Amino acid sequence: QVQLVESGGGLVQAGGSLRLSCAASGRTFSSYAMGWFRQAPGKEREVVVRISRSGGMTLYADSVKGRFTISRDNAKNTVFLQMNSLKPEDTAVYYCAASPRFMTTAQAMDVTLYDYWGQGTQVTVSS
């Protein structure tokens, strides 16, 4: 099992940047594929980006391509989400999640296949 704690959220103006962190504890961090997800009020939780165990493969939602960058440091048990050129529509609670499963590309973006979740961190982008 792995425990996840997100940090780095906050209030930022449109066009600004934030960097989210997700610190993991528990079993071997490098055994898990990691993802960042978000949920806006009244909407379904959606995938933002996913990163493989080694960090060598990433998958981004179309809405964030070119603006967000995921990375991970397996030595420090941490995954990061650098968010640039933020838009008001990026406002949501952001969650990191871990999956021990080996998934296909399509499965990697499936919210239901991630077993461990953090408590979330609020990101608010003002216009």
Side-chain angles (χ1 to χ4, degrees):
Q1 195 165 355
V2 61
Q3 293 79 43
L4 304 171
V5 179
E6 303 96 335
S7 61
L11 173 64
V12 63
Q13 288 187 331
S17 299
L18 282 173
R19 189 190 197 207
L20 306 184
S21 299
C22 174
S25 61
R27 292 181 61 187
T28 306
F29 178 66
S30 59
S31 299
Y32 296 90
M34 300 296 297
W36 283 99
F37 300 80
R38 66 187 181 186
Q39 188 166 19
K43 294 189 177 181
E44 300 270 329
R45 189 169 298 189
E46 62 176 1
V47 65
V48 174
V49 59
R50 176 260 189 183
I51 189 166
S52 63
R53 287 162 179 76
S54 67
M57 182 179 296
T58 56
L59 294 170
Y60 290 87
D62 289 343
S63 59
V64 305
K65 281 181 181 177
R67 300 188 298 122
F68 290 13
T69 303
I70 191 171
S71 61
R72 66 187 295 165
D73 185 338
N74 285 343
K76 296 183 178 179
N77 287 7
T78 306
V79 62
F80 304 97
L81 183 64
Q82 178 66 44
M83 305 187 294
N84 298 329
S85 302
L86 282 161
K87 304 176 181 179
E89 51 263 43
D90 294 319
T91 295
V93 178
Y94 283 70
Y95 300 89
C96 69
S99 175
R101 308 166 194 259
F102 288 90
M103 297 177 279
T104 64
T105 299
Q107 290 173 330
M109 309 299 265
D110 184 345
V111 171
T112 66
L113 296 182
Y114 288 78
D115 299 276
Y116 305 103
W117 292 82
Q119 82 289 348
T121 186
Q122 176 71 46
V123 171
T124 303
V125 184
S126 63
S127 57

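Keep in mind the model is a prediction, meaning the values are calculated, not measured.
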- [ ] For the pair Asp115 (side chain) and Gln1 (backbone), establish whether a donor and an acceptor sit closer than 3.5 Å, ignoring hydrogens and angles.
- [x] no

- [ ] For the pair Arg38 (side chain) and Val123 (backbone), establish whether a donor and an acceptor sit closer than 3.5 Å, ignoring hydrogens and angles.
- [x] no

- [ ] Classify the angle between the aromatic ring planes of Tyr116 and Tyr32 as parallel (below 30°), tilted (30 to 60°) or perpendicular (above 60°).
- [x] perpendicular

TODO: Taking all non-hydrogen atoms of both residues into account, name the closest pair between Arg67 and Asp90 and its distance.
DONE: NH1-OD2, 2.7 Å

TODO: Evaluate whether atom CD of Glu44 has more than 12 neighbouring non-hydrogen atoms of other residues, nucleotides or ligands under 6.0 angstrom away.
DONE: no

Open item on the list: Do Tyr94 and Glu6 have side chains that approach each other closer than 4.5 Å (heavy atoms only, starting at C-beta)?
Closed with: no

- [ ] For residues Trp36 and Met83, determine if any side-chain heavy atom of one lies less than 4.5 Å from a side-chain heavy atom of the other.
- [x] no

Task: Any residue meeting ring pair (Phe, Tyr, Trp, His ring centres under 6.0 Å) with Tyr114, in chain and number order, not counting sequence neighbours - done: Phe37

- [ ] Using the test salt bridge (charged side-chain N to carboxylate O under 4.0 Å, His left out), find all partners of Asp73 that sit at least two apart in sequence or belong to another chain.
- [x] none

TODO: Indicate, with yes or no, if Leu81 and Leu4 share a hydrophobic cluster defined by side-chain heavy-atom contacts under 4.5 Å among Ile, Leu, Val, Met, Phe, Trp and Tyr.
DONE: yes

Task: Thr78 side chain vs Ala23 backbone, donor-acceptor pair below 3.5 Å - done: no

Task: Cluster overlap Leu113 with Met109, hydrophobic side-chain contacts below 4.5 Å - done: yes

